[in-house]
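In what follows, a structure is listed as structure tokens, so that the remarks can point back to it.
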Amino acid sequence: MLSRHFSACLIAGTLMTSTLLGTSALAQTPGDQESRAHVQAQATLNVAPDKATLSARLWERTPSVVAGEDTQADPEALKTARERLEKRTGELIRALEEEGLNKNNIRAGSLRIRPDYVHQGPARNGERETLVRTQLERPITLTLNDLERVPRLLDALTQAGVNQLDGVEYDLRDREAASDKALTEALKKARHKAQLMADTLGFELGEVASVRETRSPTFPPYRMAMQADSRENKGAEPEYRPGLIDIEAEVEVSWFIEPSSDE
């Protein structure tokens, strides 16, 4: 009798446990982890630049000499080259100011001095000799917000006899505002995709469960290279088109799923 009573209690306990477990499974709500709508969205914003940076260089060189371990630039030659360079730099800055460019938008970089090895000289005793000269250089950087003035300033640079035009860099004055706009567009696109899923599959979107920026809006400035020596291009009439800057943003958003109100 005791054995039968124990077996009956064991069976009853097992049935009660099964009932409780089943109730717990049925009690899961649409707000659980599995009841979410996950969406990834990317937006690309095309923005016209409103800022330009022009880069150029002026340089002077000392006479070439035969390269050797003990070879040093002649101090007088260095002084003469530097005086010529500073004079040309001053003339260039004045010419740019006459074009209406504010002095705060003109930056003359620090003096750079480096050896400049040239082709080998004539043979002597059956050996070729390497020539070297010293190059003194000043970089010039111009910034402006009126892009229509870019061609005129490039002409002013070439007419002033800069040795190298390094290019024009187009950018945005307010990069943060452009980044915010790209991110907003990505979030709007995510919402549109989630709503499309809900309408098609017959459920409603609840509160946002999570949101993550999977790609921050980053965009390098657009650079127009001009590597040729400016003196070789005098008389040319190129046209400049800044184009558009592409700003990309990407997000991942999840919404809780709720039953449709029609059910």
Side-chain angles (χ1 to χ4, degrees), residues 51-144 147 149-171 220-240 242:
K51 174 184 175 182
T53 302
L54 285 63
S55 301
R57 285 177 286 166
L58 290 168
W59 64 62
E60 289 288 342
R61 293 163 173 159
T62 62
S64 300
V65 296
V66 177
E69 293 182 0
D70 299 328
T71 301
Q72 294 183 355
D74 181 6
E76 283 300 319
L78 277 175
K79 179 181 177 181
T80 301
R82 180 168 184 173
E83 289 176 348
R84 291 197 307 264
L85 179 60
E86 296 301 337
K87 180 181 178 181
R88 291 176 59 202
T89 302
E91 292 173 348
L92 173 59
I93 291 175
R94 287 189 291 272
L96 293 170
E97 290 177 343
E98 290 175 1
E99 285 291 329
L101 191 63
N102 190 293
K103 64 179 181 180
N104 295 327
N105 298 108
I106 304 172
R107 184 177 66 191
S110 302
L111 177 67
R112 302 173 184 173
I113 302 177
R114 65 176 180 84
D116 180 40
Y117 294 92
V118 295
H119 60 81
Q120 292 179 328
R124 187 176 66 179
N125 299 329
E127 296 181 359
R128 307 291 290 183
E129 293 178 332
T130 300
L131 303 180
V132 64
R133 57 194 176 187
T134 301
Q135 178 165 309
L136 297 87
E137 182 177 298
R138 289 287 299 275
I140 304 293
T141 304
L142 314 178
T143 57
L144 62 154
L147 303 191
R149 300 179 61 191
V150 169
R152 293 204 310 272
L153 288 175
L154 287 173
D155 287 342
L157 289 170
T158 56
Q159 290 172 10
V162 296
N163 297 95
Q164 185 80 27
L165 280 175
D166 291 330
V168 182
E169 185 177 86
Y170 293 101
D171 203 350
Y222 171 74
R223 186 171 184 84
M224 181 184 296
M226 300 176 185
Q227 295 298 332
D229 192 314
S230 64
R231 293 178 177 177
E232 297 176 358
N233 290 299
K234 286 187 175 181
E237 297 181 356
E239 294 185 2
Y240 303 99

First locate atom [atom1] of [X], then atom [atom2] of [Y], and finally report the distance between them rounded to the nearest 0.5 Å.
X	Y	atom1	atom2	answer
L142	I93	CG	CD1	9.5 Å
L157	I140	CG	CD1	8.5 Å
K79	T62	NZ	OG1	15.5 Å
T158	L153	OG1	CG	10.5 Å
T141	E169	OG1	CD	9.5 Å
L58	L136	CG	CG	12.0 Å

| query | Is there a side-chain contact between V65 and D74, using heavy atoms and a 4.5 Å cut-off? | reply | no
| query | Does some side-chain heavy atom of N105 sit less than 4.5 Å from a side-chain heavy atom of L144? | reply |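 No. Closest side-chain heavy atoms not under 4.5 Å.
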| message | Under a 4.0 Å threshold between the charged nitrogen and the carboxylate oxygen, would K51 count as salt-bridged to D171? | response |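 Salt bridge: no.
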Residue pair [X] / [Y]: nearest heavy atoms and the distance that separates them:
X	Y	answer
A77	P63	CB-CD, 4.1 Å
L92	A156	CD1-O, 4.5 Å
S64	R133	OG-CD, 3.6 Å

| query | Would you say the side-chain atoms of R149 pair up with the backbone N or O of E99, donor to acceptor, closer than 3.5 Å? | reply | yes
| said: Assess, by modelled atom type and distance only, whether the side chains of R88 and N163 contain a donor and an acceptor separated by less than 3.5 Å. | reply: yes
| request: Applying side-chain contact (heavy atoms from CB on, under 4.5 Å) between R138 and each of R57, E86, E60, R82, report the one that passes. | output: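 In the set R57, E86, E60, R82, the residue that makes a side-chain contact (heavy atoms from CB on, under 4.5 Å) with R138 is E86.
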